[in-house]
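Report on one structure; see the data block that follows.
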Amino acid sequence: MPRSSLGILSTATATHGTGRDDDIPLPRLPGFVESAFSPLAYEAARLCLAERPGDGARTAVALASTAGDTTTADLASRRMVSGRVHNPLLFMQATPNSVLGYLSREFGLTGQMFSLSTLDDPLTELLSMADLLLEDPEVDRVLVMGVELGGGERLTAVYEELAGEDGRSVPVPALPADAGLAAAVLLCRPGTGTPVSVRSAEAYENDGEDGDDGDISADGTGTRGHPGSIQSLFDLVGLHRRLLREGGSHLLVTDSRAPAFLLTAGTEATTIARNETETHAHQ
């Protein structure tokens, strides 16, 4: 969980084949084939960075997903088992770091880059990573991203095996096999140019009356999703856009018992950031 407030510079999403109103054709990304993972990650990142250009040498990147580019891994293994010639492009793009390298070249990003895999809420992991990276005096901004792909029976088997390690239930994302979605958030320390900030809040605890754990939506009550879902990132993007229009503050909770985050807009965000800076200076 992040210890300090983070300023939100820009947010973006990219979806393909999900049935959502804002689905886009799969962007073409030279050197990447078959899978939606890298093209969607790049598109969401591109939108964020284009909206708020900055010093690439002082920009770090963190990408989160549960199982990485499962489409590429599945295709490569099928080709190998069937005895077909291996496609070197599939080997190159099999790791999430591949698209980060492409992103680095296109935007001149030379800060630290990380790929994270988690069964827990990726938003919490990414905000914590951004908070840590911003402690480095050579880092001013952190671009965090999450990617989620659809899949079939083989992906189901992967999720079941992951779940078996600790006994938790990990359902496969309810997406068509060729679908995918990505979200990106460009973060910094709060201050001038960051009209919306996000900070950790006390964990939300639903009383569970009538056996209903409740759903938490982007209006400040939170969204439940399967472990590893990037829905919480989409909720953050939605709340960021809403607060830019309306101002105020909203609570975002990712599960009935999970870290909660308070998003604040306008002068209130500036005041919170100033108080935290003064407190940090006295410690």
Side-chain angles (χ1 to χ4, degrees), residues 1-15 20-22 44-54 59 121-131 133-134 140-146 181-206 214-225 229-256 258-281:
M1 183 182 298
R3 297 174 55 192
S4 305
S5 290
L6 299 168
I8 301 176
L9 290 166
S10 60
T11 60
T13 61
T15 66
R20 301 183 183 215
D21 293 338
D22 54 356
R46 181 189 68 80
L47 292 171
C48 261
L49 294 170
E51 182 178 340
R52 298 297 294 268
T59 301
D121 172 47
L123 177 61
T124 302
E125 299 291 332
L126 287 169
L127 293 183
S128 297
M129 175 63 79
D131 187 33
L133 289 170
L134 287 168
D140 292 332
R141 312 187 313 164
V142 180
L143 177 67
V144 299
M145 298 182 288
L181 39 91
V185 182
L186 187 59
L187 300 161
C188 66
R189 289 301 182 202
T192 304
T194 55
V196 178
S197 70
V198 56
R199 63 184 177 88
S200 60
E202 293 184 3
Y204 170 84
E205 294 190 6
N206 191 295
D215 287 335
I216 303 171
S217 63
D219 63 0
T221 46
T223 297
R224 286 200 63 170
S229 166
I230 68 166
Q231 182 59 46
S232 55
L233 274 166
F234 272 74
D235 288 346
L236 178 70
V237 171
L239 277 176
H240 174 248
R241 293 171 178 173
R242 175 176 174 178
L243 292 175
L244 287 177
R245 295 191 308 267
E246 303 175 3
S249 59
H250 285 275
L251 185 68
L252 172 62
V253 186
T254 60
D255 204 338
S256 57
F261 300 98
L262 183 66
L263 280 77
T264 307
T267 55
E268 187 177 351
T270 304
T271 301
I272 291 173
R274 185 185 303 116
N275 290 340
E276 286 188 348
T277 300
E278 292 174 353
T279 300
H280 187 72

State, to 0.1 Å, how close His250 and Leu243 come at their nearest heavy-atom pair, and which atoms those are. CD2-CD2, 3.4 Å
On a heavy-atom basis, which atom in Ser200 and which in Phe261 lie closest, and how many Å separate them? CA-CD2, 3.9 Å
Rounded to the nearest 0.5 Å, what separates atom SG in Cys188 from atom CG in Leu143? 12.0 Å
Counting distance only, does the side-chain N/O of Ser10 pair as donor-acceptor with the main-chain N or O of Cys48 below 3.5 Å? yes
Report yes or no: does Arg199 contribute a side-chain atom to a donor-acceptor pair with the main-chain N or O of Arg3 at less than 3.5 Å? no
Shortest non-hydrogen contact from Ile230 to Gly146? CD1-O, 3.5 Å
Rounded to the nearest 0.5 angstrom, the CD-CG distance for Gln231 and Leu181 is 8.0 Å
Pairwise distance OG1(Thr13) to CZ(Arg241) - rounded to 0.5 angstrom: 5.0 Å
Which heavy atom of Ala265 sits nearest to which heavy atom of Gly247, and what is that distance? CB-CA, 3.9 Å
List the steps and the verdict of side-chain contact (heavy atoms from CB on, under 4.5 Å) for Ser4 and Asp131. CA-CA 7 Å; Ser4 305; Asp131 187 33; 3.8 Å; yes
At what distance, to the nearest 0.5 angstrom, does OG1 of Thr264 lie from CG of Leu251? 10.0 Å
Separation of His240 NE2 from Thr11 OG1 (nearest 0.5 Å): 5.0 Å
Can you name the closest pair of heavy atoms from Ala12 and Val237 and give their distance? O-CG2, 4.2 Å
Evaluation steps, side-chain contact (heavy atoms from CB on, under 4.5 Å), between Leu6 and Val185: CA-CA 11 Å; Leu6 299 168; Val185 182; over 6 Å; no
Indicate the atoms forming the closest heavy-atom contact of Leu236 with Leu263, along with that distance. CD1-CD2, 3.4 Å
Do Leu126 and Leu233 pass the side-chain contact (heavy atoms from CB on, under 4.5 Å) test, and can you show the C-alpha distance, the side-chain angles, and the key distance before you say yes or no? CA-CA 10 Å; Leu126 287 169; Leu233 274 166; 3.8 Å; yes
Quick one: does Leu252's side chain get under 4.5 Å of Val198's, heavy atoms only? no
Using side-chain contact (heavy atoms from CB on, under 4.5 Å) as the criterion, point out the one residue from Leu187, Leu133, Leu134, Leu186 that pairs with Arg141. Leu186
